[in-house]
> 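To start, I am sharing the structure in question, which I have written as structure tokens.
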Amino acid sequence: MSCPVGVDVALAARLLREGKLVSFATETVYGLGANALDVNAVARVFAVKNRPHFDPLIVHIADRSWLPRLVASWPEAAERLAARFWPGPLTLVLPKTELVPDLVTSGLPSVAVRMPAHPLALELLRLADVPVAAPSANLFGQLSPTCAEHVAERLGDQIDYLLDGGPCSVGVESTVLLLESDRAVLLRPGGVPLEEIESVISPVALPSRETTSDQAAALSPGMLPQHYAPRTPLVIVEDLSRVTAPARCGLLILQPHPAASRFAAVEVLSANGDLTAAAANFFAALRRLDAAHVEQIVTMPFPNHGLGRALNDRLTRAAH
Ligand code: AMP
Ligand code: MG
């Protein structure tokens with residue numbers, strides 16, 4: 001049996017307060033939300049997603065009044081970033097207070113907080129009047145949902161309500177930034193491009209460049225090399241003309257390409273190569289290719305700037 005789907009924010013908020021699971025639209029992807037202060041509800045989020053307990057959850061708030069209860073320090077960099085990007089797709093990782101259950105942070109001394117920009121999400125969080133722990137509303141490791149139908153397909157029978165806010169406007173997960181006393185570290189590229197963050201605070205350290213993958217994993221345990229993956233094998237190539245059997249492959253491509261007609265199924269993410277539009281279409285396009293009965297999904301790297309950095313990160317983790 002599938003859960004109720006709709007726009008009844010008051011009902012969704014009441015369910016969250018009662019310890020139930022509500023999937024809701026944000027501007028990034030659909031979240032699977034639970035009251036972050038209710039460990040039983042949070043435990044159900046991990047169980048429903050089949051998410052390993054070492055992978056911490058992001059806590060969502062609608063206004064800053066919750067911050068002093070959730071984070072133990074609020075450095076000037078956090079203030080400047082929040083002033084510029086909240087509400088929006090930027091998650092800040094800061095030292096946590098005792099109030100935040102260890103289950104939410106996977107035992108880490110820090111908590112990830114974000115204020116989403118989707119009006120329905122904000123209304124839900126305001127009415128629920130609790131911080132909401134919410135990972136993406138998909139099974140662990142699979143493609144993130146960017147519309148209500150994606151959630152209903154896979155998780156409809158395991159959640160208590162699905163708050164339908166239409167397709168997600170950003171389409172990739174939030175940027176996750178760790179703020180330590182002396183440095184900022186980009187844990188996950190996402191909806192706010194690195195260049196924009198660096199226009200507010202600089203420099204930002206990139207773990208991929210400066211640390212080993214073990215150290216990067218210690219900083220952000222959820223950043224697994226394989227994630228966000230379709231069931232169909234996905235490969236990233238530099239040159240489409242070298243794909244040996246395009247007639248059996250699907251193609252995911254930023255903009256129209258002369259070699260595309262040789263492929264069995266094609267998803268062009270943006271007619272003019274716009275990376276913001278491409279991000280908004282990315283997960284839905286991958287899902288369609290995954291359902292197209294092709295042997296392999298072929299794709300090319302995105303330009304590594306703006307939202308292209310987040311898209312390349314997702315592609316690399318989707319490749320297998
Ligand atoms: P998701 O729920 O899929 O959007 O993933 C959230 C990601 O944020 C996790 O996989 C972690 O990599 C990162 N994250 C959340 N909380 C923390 C934290 N306290 N410290 C470091 N990274 C975190
Ligand atoms: Mg996720």
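Remember, it's 1-based here, ligands and their atoms both numbered in the order they're listed. In this text, all values refer to a predicted model and were calculated from it rather than measured experimentally. Note that the numbering runs from 1 along the sequence shown for the chain.
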> Strictly under 4.0 Å, does any heavy atom of Leu219 approach an atom of ligand 1?
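True for this residue.
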
> Drop me the distance from Ser174's OG to Phe85's CZ, to the nearest 0.5 angstrom.
13.0 Å

> At a non-hydrogen distance cut-off of under 4.0 Å, which region of Leu187 contacts ligand 1 (side chain, backbone, both, or neither)?
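Within the 4.0 Å criterion, Leu187 contacts ligand 1 through side-chain atoms alone.
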
> Run the numbers for me: atoms of ligand 1, each under 4.0 Å from some heavy atom of Ser110, listed by number.
18 (C), 19 (N), 20 (N)

> Flag the pair Lys49 / Leu32 as yes when at least one side-chain heavy-atom distance between them is below 4.5 Å, and no otherwise.
yes

> Let me check your reading of the structure: within less than 2.8 Å of the Mg ion (ligand 2), is there an N/O/S atom from Ser136?
yes

> Find out whether Val113 and Thr91 are in side-chain contact, i.e. whether some heavy atom of one side chain is under 4.5 Å from a heavy atom of the other.
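No, side chains not in contact.
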
> Which one holds for Arg51 and ligand 1: side chain close, backbone close, both close, or neither close, with close meaning a heavy atom under 4.0 Å?
side chain

> Determine whether the side chain, the backbone, both or neither of Thr105 has a heavy atom under 4.0 Å from any heavy atom of ligand 1.
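The answer is neither.
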
> Among all protein heavy atoms, pick out the one at the shortest distance from atom 23 (C) of ligand 1; state its residue, atom name and that distance to 0.1 Å.
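Of the protein heavy atoms, Pro56 CG, 3.6 Å lies nearest.
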
> Between Arg262 and Pro246 (side chain of the first, backbone of the second, donor and acceptor by atom type, cut-off under 3.5 Å), is there such a pair?
no

> Quick one, Val22 and Ile159 - any side-chain contact, counting heavy atoms below 4.5 Å?
no

> Examine the proximity of ligand 1 to Arg188 and report which part, side chain or backbone, both or neither, has a heavy atom under 4.0 Å away.
side chain

> Consider every N or O of Asp55 and every N or O of ligand 1, then say whether any pair is closer than 3.5 Å.
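For ligand 1, there is an N or O atom that lies under 3.5 Å from one belonging to Asp55.
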
> Using side-chain heavy atoms (C-beta onward) and a distance below 4.5 Å, is Phe263 in contact with Ile297?
no

> Step by step, would you call His227 with Phe140 a ring-ring contact (aromatic ring centres under 6.0 Å, His included)?
CA-CA 8 Å; His227 207 140; Phe140 182 72; 5.3 Å; yes

> Give the residue, atom name and distance (to 0.1 Å) of the protein heavy atom nearest atom 12 (O) of ligand 1.
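Looking at atom 12 (O) of ligand 1, the protein heavy atom closest to it is Ser220 OG, 2.5 Å.
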
> Which heavy atom of the protein is the closest neighbour of atom 8 (O) of ligand 1, given with residue, atom name and distance?
Val176 CG2, 4.0 Å

> Has Arg314 got its NZ or CZ under 6.0 Å from the middle of the six-membered ring of Tyr228, at an angle within 45 degrees of the ring axis?
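Pair Arg314/Tyr228 counts as cation-pi.
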
> Say whether Tyr228, considering both its backbone and side-chain N or O atoms, lies within less than 3.5 Å of an N or O atom on ligand 1.
no

> Could you list which atoms of ligand 1 come closer than 4.0 Å to a heavy atom of Met223?
12 (O)

> Just wondering, do Arg114 and Pro89 contact through their side chains at under 4.5 Å, heavy atoms?
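Yes; the side chains approach each other to less than 4.5 Å.
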
> I'd like to check Glu27 versus Pro116 (side-chain heavy atoms, cut-off strictly below 4.5 Å). Are they in contact?
yes

> Tell me, please: is Lys96 in heavy-atom contact with ligand 1, that is, under 4.0 Å?
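Under 4.0 Å: no for Lys96.
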
> Using a strict 4.0 Å cut-off to heavy atoms of Leu108, name the atoms of ligand 1 that fall inside it.
18 (C), 19 (N), 20 (N)

> May I have the step-by-step check of side chain to side chain contact (heavy atoms under 4.5 Å, CB included) for Leu252 and Val298, ending in yes or no?
CA-CA 6 Å; Leu252 178 76; Val298 174; over 6 Å; no

> So which of Thr28, Leu32, Val45, Ile58 gets nearest to atom 6 (C) of ligand 1, if we judge by its closest heavy atom?
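Result: the heavy atom closest to atom 6 (C) of ligand 1 is in Ile58.
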
> Find all atoms of ligand 1 within a distance of less than 4.0 Å from any non-hydrogen atom belonging to Pro135, and give their numbers and elements.
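Answer, ordered by atom number: 2 (O).
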
